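The block underneath contains the structure these notes are about, expressed in structure tokens.
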Amino acid sequence: MKILIVEDETIIREGISDYLNDCGYETLEATNGVEALDLFTNHPIDLVLLDIQLPKLNGLSVLEKIRQVSTVPILILTAFQDENYKMTAFSSLADGYLEKPFSLALLKIRMEAILKRYYKKQETFSYKEARVNFESYRAELNDQEVVLHAKEFEILHYLVQHEGQVLSRTQILDALWKNSQDAPFDRVVDVYIKELRKKLKLDCILTVRNVGYKLERK
């Protein structure tokens, strides 16, 4: 799991990052709202920890911009206790709200609850006439079963988990072949994507020229 930590206070940001690294998470750090959006755009992020009071672009604006393109879970971290901020955050589809000061153990518990709830919902996928169950490895188009290669299921699942985010071929390879000693060339991803589009009529898998792919249901 890759966690984006958006916090301008160095001690807090680095403390969270070190703790989560020790817990087995990979972290990216942003010190302001503009940097946060840049990192989010260029990396597959599984969860965002987002402070509200940020330089350049405040956290609520970052939240709104991310929600325009992605449903990735976002946990708001802030010293504000004003109810209006909470209402604004949740109306912008934040997944949780944690007031400072908080313990790192509590943060981890809240994160894991959100991740479990969010990624459990990603075990099925529907688009137009296509239906996919990633737990049972079953795919259908127009109520007829479609045979998919195991890696086709895995690539589609990865795209669904990062819906709205651009994923490079290298990122897909690193995520899905990380335990393999003989990972294929990056262009093999193109073959699997082509088959997914063909077999399930998935025009929602978009090619981002010179970068990679993203899944975007309209």
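The figures here come from the full heavy-atom set of this structure, side chains too, leaving out hydrogens, waters and symmetry mates. Owing to the predicted nature of the structure, the values given are computational and were not obtained by experimental measurement.
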Any donor-acceptor pair under 3.5 Å linking the side-chain atoms of [Y] with those of [X]?
X	Y	result
T10	E14	no
N58	S61	yes
R13	T27	no

Rounded distance (nearest 0.5 Å) linking atom [atom1] of [X] with atom [atom2] of [Y]:
X	Y	atom1	atom2	answer
L202	K194	CG	NZ	15.0 Å
L77	I52	CG	CD1	9.0 Å
L107	L49	CG	CG	5.5 Å
L141	K128	CG	NZ	11.0 Å
D203	R217	CG	CZ	12.5 Å
E9	I16	CD	CD1	10.0 Å

Tracing side-chain contacts under 4.5 Å among Ile, Leu, Val, Met, Phe, Trp and Tyr outward from V166 reaches V208, V211

Which pairs with one or both residues in residues 13-51 pass ring-ring contact (aromatic ring centres under 6.0 Å, His included), sequence neighbours excluded?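 Non-adjacent pairs meeting ring-ring contact (aromatic ring centres under 6.0 Å, His included): zero.
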
Quick note, ring-ring contact (aromatic ring centres under 6.0 Å, His included) partners involving residues 129-154, not counting sequence neighbours, are F134-H157, Y137-F153, H149-Y192

Would you mind checking if [Y] and [X] are paired as a salt bridge, meaning a charged N to carboxylate O distance below 4.0 Å?
X	Y	result
K199	E152	yes
D51	K100	yes
K2	E26	yes
E64	R67	no

I'd like to know if [Y] and [X] are part of one continuous hydrophobic network [Ile/Leu/Val/Met/Phe/Trp/Tyr, side-chain heavy atoms within less than 4.5 Å].
X	Y	value
Y118	L20	yes
I12	V62	no
I114	F102	yes
I76	I3	no
Y213	L215	yes

So, [X] side chain and [Y] main chain: donor-acceptor pair closer than 3.5 Å or not?
X	Y	answer
Q165	I45	yes
Q171	N42	yes
R138	E135	no

E29 side chain near S17 side chain, heavy-atom distance below 4.5 Å: yes

Taken in chain and number order and not counting sequence neighbours, the residues that satisfy side-chain contact (heavy atoms from CB on, under 4.5 Å) with R110 are L75, L98, L106

Would the number of heavy atoms belonging to other residues, nucleotides or ligands and lying under 6.0 Å from CG of D22 be above 12?
-> yes

Set of side-chain hydrogen bond (donor to acceptor under 3.5 Å, both in side chains) partners for Q161, sequence neighbours left out: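 Counting only residues at least two positions away or on another chain, Q161 forms no side-chain hydrogen bond (donor to acceptor under 3.5 Å, both in side chains).
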
Hits for salt bridge (charged side-chain N to carboxylate O under 4.0 Å, His left out) against K201, two or more places apart or cross-chain, chain-then-number order -> none

